[in-house]
Structures are given as C-alpha cells and as structure tokens.
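Heavy atoms only: backbone and side chains are in, while hydrogens, waters and symmetry mates are out. When a ligand or atom number is given, it counts from 1 through the structure's own listing order.
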Amino acid sequence: MKIKLKAMYRKFTLLTVSVVVIVLYNCTTNTIDEGDVEDLPPIQEVVTYEDDVQAIIVTNCVNCHSGPNANAGLQLTSYVNVRAAAEQGNLVNRINNAANPMPPSGQLPPETRQIIDQWVADGYLQN
Ligand code: HEC
C-alpha cells in the first residue's frame with residue numbers, strides 16, 4: 001500500500017512538472033511572437049502605398065498629422081508627403097523607436113511596421 005502511494009505521488013509530481021514546463025514554454029514562445037520585425041518571416045507579396053501603407057497611415061497617423069494644426073507640421077495625407085517623410089528617414093525611425101514611438105500611444109505591432117519597412121525597401125511603390 002505504501003509503495004503504491006509513493007508511485008502515485010511520483011506520477012503526480014511528474015504531471016505537475018510537465019504542466020509547469022509546458023506553461024513556461026508557451027510563455028517563452030509568446031514573448032518571441034511579440035518580438036520585433038526581424039523575428040518575422042519576410043513578406044512575399046509586393047507592398048504598395050495604395051494597397052497596404054495608406055490604410056495604416058490613415059488609421060494610426062492622420063488624426064494628428066493633417067490639416068493646419070498638424071503635429072510637428074508633418075502632413076501624412078498623400079502618397080507624396082508620406083513618401084517624403086519616409087525618404088527623409090524620420091517616419092521609419094519613429095515607428096520603430098520603442099522609446100519615442102509614433103503613434104505616441106505605443107508602437108504598432110511588428111507585422112504592421114514590417115509592411116512599412118518593406119514598402120521602403122521596395123522603393124516606395126505607389127500602386
Ligand atoms: C496622438 C497624436 C499623434 C499620432 C496619432 C501620431 N503622431 Fe507623429 N507626432 C505627434 C507629435 C505631437 C509629434 C511632435 C513631437 C515628437 O516628435 O514627438 C510627432 C512627430 C512625428 C514625427 C517627427 C517629425 C519631425 O519632423 O521630427 C514623425 C516622423 C511622425 N510623428 C510620424 C508619425 C507616424 C508615421 C504616425 C502613425 C504611425 C504618427 N506620427 C502618429 C503626434 C502624433
């Protein structure tokens with residue numbers, strides 16, 4: 001009887017350890033998933049302003065970067081001015097700047113920033 005109990009305890013301990021290991025493993029994996037653009041698989045499709053970039057800018061930037069009171073005097077309302085900001089370098093620097101990000105509320109997900117990076121790398125295609 002005593003021996004059987006010991007065996008049960010051992011099985012239980014093994015089960016507990018397995019669960020802890022699996023939980024810890026998943027936590028680690030999640031951290032990697034939330035990693036940065038470099039951790040993502042490369043984008044295979046062609047990225048263009050009209051198909052991909054414009055929607056990101058309209059959703060996340062235009063509120064503050066349009067009209068007569070645009071923040072930092074920066075207009076992000078057309079292909080031409082978004083491209084100019086990206087070519088100058090500030091736009092890409094700021095969206096990827098964890099300490100001082102744009103939008104100021106916090107960095108966009110890596111998948112979104114990767115699209116902008118790819119657009120720049122592909123040469124700012126319009127459509
Ligand atoms: C809530 C308002 C707000 C939103 C949303 C916002 N910005 Fe800004 N942005 C600012 C303010 C304020 C500044 C000026 C202060 C600073 O540089 O932090 C600024 C500055 C910048 C600058 C630097 C301009 C310069 O000449 O130094 C860039 C580039 C920029 N924003 C890009 C973006 C992009 C791209 C997005 C969207 C992904 C975005 N911003 C979203 C408020 C905003």
Side-chain angles (χ1 to χ4, degrees):
M1 187 62 196
K2 234 183 174 179
I3 293 165
K4 255 196 177 168
L5 256 179
K6 256 191 184 167
M8 260 178 68
Y9 273 129
R10 227 176 260 143
K11 270 190 193 155
F12 182 73
T13 309
L14 195 69
L15 189 74
T16 312
V17 170
S18 309
V19 168
V20 168
V21 167
I22 289 167
V23 167
L24 283 179
Y25 176 76
N26 279 337
C27 290
T28 323
T29 318
N30 281 344
T31 315
I32 291 166
D33 284 346
E34 286 162 14
D36 219 334
V37 178
E38 305 87 64
D39 304 318
L40 298 171
I43 296 178
Q44 303 295 337
E45 300 81 26
V46 173
V47 170
T48 70
Y49 180 77
E50 285 175 9
D51 286 347
D52 309 288
V53 174
Q54 187 171 30
I56 297 170
I57 301 291
V58 167
T59 308
N60 299 290
C61 319
V62 159
N63 255 356
C64 299
H65 291 289
S66 64
N69 299 320
N71 281 306
L74 178 67
Q75 304 284 339
L76 295 176
T77 46
S78 69
Y79 168 76
V80 171
N81 54 34
V82 172
R83 176 179 176 158
E87 276 184 317
Q88 184 231 10
N90 254 356
L91 187 147
V92 177
N93 288 343
R94 291 300 294 272
I95 63 169
N96 290 303
N97 186 334
N100 195 14
M102 279 296 144
S105 55
Q107 273 190 306
L108 299 172
E111 291 79 5
T112 307
R113 288 182 280 127
Q114 186 190 31
I115 293 171
I116 309 262
D117 290 351
Q118 190 64 41
W119 178 62
V120 172
D122 286 349
Y124 316 96
L125 299 173
Q126 183 165 9
N127 48 41

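Polar contact check, N100 against ligand 1: no nitrogen or oxygen pair lies under 3.5 Å apart. At a 3.5 angstrom cut-off on N or O pairs, H65 counts as close to ligand 1. The shortest N/O to N/O separation between N60 and ligand 1 does not fall below 3.5 Å.
Atom 13 (C) of ligand 1 has M102 CE, 3.8 Å as its closest protein atom, hydrogens excluded (heavy atom only). Among protein heavy atoms, atom 34 (C) of ligand 1 sits closest to C61 SG, 3.4 Å. In terms of protein heavy atoms, atom 14 (C) of ligand 1 is closest to A72 CB, 3.8 Å. Nearest protein neighbour of atom 18 (O) of ligand 1, counting heavy atoms only, is R94 NH2, 2.7 Å.
The local environment of CG in N63 is sparse, with at most 12 non-hydrogen atoms from other residues, nucleotides or ligands closer than 6.0 Å.
At a 4.0 Å heavy-atom cut-off, ligand 1 touches N90 through backbone and side chain alike. At a heavy-atom distance under 4.0 Å, no atom of N93 approaches ligand 1. If you look at L74 next to ligand 1, the close heavy atoms, those under 4.0 Å, all belong to the side chain. At a heavy-atom distance under 4.0 Å, only side-chain atoms of L76, from C-beta outward, approach ligand 1.
A distance-only check finds a donor-acceptor pair linking the side chain of Q114 to the backbone of P41 [under 3.5 Å]. Between the side chain of D51 and the main chain of T48, no donor-acceptor pair closer than 3.5 Å is present. A donor-acceptor pair under 3.5 Å is absent between the side-chain atoms of H65 and the main chain of T77, judged by distance alone. Within the 3.5 Å criterion, the main-chain N or O of V92 finds a donor-acceptor partner in the side chain of N96.
Between W119 and Y124, the ring-plane angle classifies as perpendicular under the 30° and 60° cut-offs.
Within a 4.0 Å radius of atom 6 (C) of ligand 1, the protein contributes at least one heavy atom.
Under the 4.5 Å side-chain heavy-atom criterion for grouping Ile, Leu, Val, Met, Phe, Trp and Tyr, V46 is not connected to Y79 through any hydrophobic cluster.
With atom 2 (C) of ligand 1 as the reference point, the heavy atom nearest to it among C64, S105, P103 is part of C64.
A 4.5 Å side-chain heavy-atom check between R94 and P101 finds every atom pair outside the cut-off. When side chains are defined from C-beta on, V62 counts as touching I57, because their heavy atoms get closer than 4.5 Å.
For the side-chain contact (heavy atoms from CB on, under 4.5 Å) test with L91, the passing option among V120, L74, I116 is I116; the others fail.
Near L91, the atoms of ligand 1 lying under 4.0 angstrom from a non-hydrogen atom of the residue are 29 (C), 35 (C). Ligand-side atoms of ligand 1 in range of I95: 35 (C), 38 (C), range being under 4.0 angstrom from any heavy atom. Each of the following atoms of ligand 1 lies closer than 4.0 Å to a heavy atom of P104: 3 (C), 4 (C), 6 (C), 7 (N), 42 (C), 43 (C).
The shortest heavy-atom contact between I115 and V47 is O-CG1, 3.6 Å.
Ligand 1 lies nowhere less than 4.0 angstrom from a heavy atom belonging to A85.
Atom 8 (Fe) of ligand 1 lies at 2.8 Å or more from every N, O or S atom belonging to N71.
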